[in-house]
Enquirer: 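One structure follows; several queries about it will come next.
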Amino acid sequence: MNFVAWAGRHASALLLVGFATVPFLPVSAETLRPLLPPLVILVTALGVARQPIDRRRLKSLFNTRQAVFALLWVILAQVVATRFAVSVGQLFGATSDQLIFVAAFFAAPPLSSAPNICLILGYDYAVALRVSVLGTICAPVLMPLALSLSGLDLDVSGIAIALRVFGMLLGGVALGVLIQIGLGPARVARHVDTLNGLAALAMIAFLFPLISGAKAAVVAAPHLALALLCLALTLNLLGNLLVRQAAGFFTSPLRSATLGYVFGNRNLSVFLASVPFDPDLTLFVALMQAPIYATPALFSFIQRSR
């Protein structure tokens, strides 16, 4: 077994180790920050490359009823949830500067690697795939729409966000399709561990421009960092568990666990790469990686303990 395939089989633990290690490596976040959009494209491409793109399998995954449900779920989880969360925050007296973190979380599309992580965790892969694919496809429309309806005043127009998101996601989808066509479905199926390993390594590489400067930012403003970490953990874990509990009333435990995971894990890097640089927002997105990278190992441990 080669190293990349080994990395694919131990992706959950490797992601956690990568997150715990990268902030302490002697690299410059400023130098690496321009790499963020290309790495978003690469991570998206590796996620797409492992998904079924032939007509028969797509048809089986996306019949009309399933596609409509997934689309409604994405609209509810992004557009409606953003407006609701901002309204609740305003009722409690939160300022626009504070609410931008909440709006960024809810407006962001599902994590592009969510289907494969759900596959590793033994969740419903098909549900995760439908929601994440539609969320990714609709992100250039739903993200600026959610931010516009939130009522918050951003330093960038919705059209600019839409164009940047569209460019990154189009590049990722196109590259992923080319990888899958080049390898062929049979080879993709035979080398799942290798592709999972490449995706895990790409996600770790993605951490360098995102969190390599987090240590200095935390030291400079520890109280802000602690508050943002608590917010990140609350949005991810509490959102995951609440949606899992609520979905359990109308669907199976496996499917509700999948919907909870996809809801709590968002592709905030797409948002970050689409707006002007803001150090506090960058720190929040960096700290949001803590639950994103830790939850696969956490839920794997919980399931093995049962």
Side-chain angles (χ1 to χ4, degrees), residues 32-49 51 70-83 85-86 99-115 128-179 199 202-203 205-207 209-210 235-236 262-278 280-282 284-286 288-289 292:
L32 296 176
R33 189 167 292 119
L35 296 177
L36 185 57
L39 284 171
V40 170
I41 292 173
L42 177 60
V43 171
T44 302
L46 288 170
V48 170
Q51 317 306 345
L71 181 59
L72 289 175
W73 177 265
V74 168
I75 293 172
L76 179 67
Q78 288 181 240
V79 180
V80 177
T82 301
R83 177 65 254 186
V86 170
L99 290 173
I100 189 60
F101 306 116
V102 175
F105 172 83
F106 285 105
L111 198 65
S112 56
S113 58
L129 180 63
R130 281 192 289 269
V131 173
S132 64
V133 166
L134 283 174
T136 298
I137 292 172
C138 297
V141 175
L142 295 185
M143 184 185 291
L145 177 62
L147 294 172
S148 175
L149 293 177
S150 73
L152 299 178
D153 185 21
L154 301 176
D155 294 332
V156 61
S157 70
I159 294 176
I161 293 176
L163 291 175
R164 291 171 187 169
V165 173
F166 179 75
M168 284 185 290
L169 296 183
L170 178 63
V173 170
L175 179 58
V177 170
L178 287 175
I179 292 172
M203 288 181 70
F206 170 77
L207 288 172
L210 193 59
L235 290 173
N236 184 299
V262 174
F263 182 89
N265 289 273
R266 306 295 184 104
N267 197 349
L268 275 159
S269 57
V270 172
F271 181 89
L272 184 64
S274 304
V275 299
F277 173 71
D278 178 275
D280 292 344
L281 181 61
T282 301
F284 172 67
V285 176
M288 179 58 77
Q289 306 312 301
I292 288 176

Enquirer: Quick one: closest heavy-atom pair of P110 and Q78, and the distance?
Expert: CD-OE1, 3.8 Å
Enquirer: To the nearest 0.5 Å, what is the distance between CZ on R83 and CG on L152?
Expert: 8.0 Å
Enquirer: Would you give the length of the straight line joining atom OG of S269 to atom CG of L207, rounded to the nearest 0.5 angstrom?
Expert: 10.0 Å
Enquirer: Measuring only between side-chain heavy atoms, which start at C-beta, is V131 closer than 4.5 Å to F263?
Expert: no
Enquirer: What I'd like to find out is whether the side chain of L142 reaches to under 4.5 Å of the side chain of P109, using heavy atoms alone.
Expert: no
Enquirer: How close do S274 and M168 get, heavy atom to heavy atom, and via which atoms?
Expert: OG-CE, 3.4 Å
Enquirer: Kindly say whether T82 contributes a backbone atom to a donor-acceptor pair with the side chain of S150 at under 3.5 angstrom?
Expert: no
Enquirer: What class does the angle between the rings of F101 and F284 fall in, given that below 30° is parallel, 30 to 60° is tilted and above 60° is perpendicular?
Expert: tilted
Enquirer: Taking all atoms of both residues into account, what is the closest heavy-atom pair of L129 and P115, and its distance?
Expert: CA-CG, 3.8 Å
Enquirer: Would you say that R266 contacts F106 through its side chain, given a criterion of any heavy-atom pair below 4.5 Å between the two side chains?
Expert: yes
Enquirer: How long is the gap from CE on M288 to CG on N265, to the nearest 0.5 Å?
Expert: 8.5 Å
Enquirer: Closest heavy-atom contact between L268 and A104?
Expert: CD2-O, 3.2 Å
Enquirer: Minimum heavy-atom separation for A70 and L134, please, with both atom names.
Expert: CB-CD1, 3.4 Å
Enquirer: CG of L272 to CG of L36: how many Å apart, nearest 0.5 Å?
Expert: 5.5 Å
Enquirer: Any idea which heavy atoms bring L99 and V86 closest together, and the distance?
Expert: CD1-O, 3.9 Å
Enquirer: Could you measure the distance from the CG atom of N267 to the CG atom of L169? Nearest 0.5 Å is fine.
Expert: 7.5 Å
Enquirer: Ignoring hydrogens and angles, tell me if any N or O in the side chain of S148 forms a donor-acceptor pair with the backbone of P144 under 3.5 Å.
Expert: no
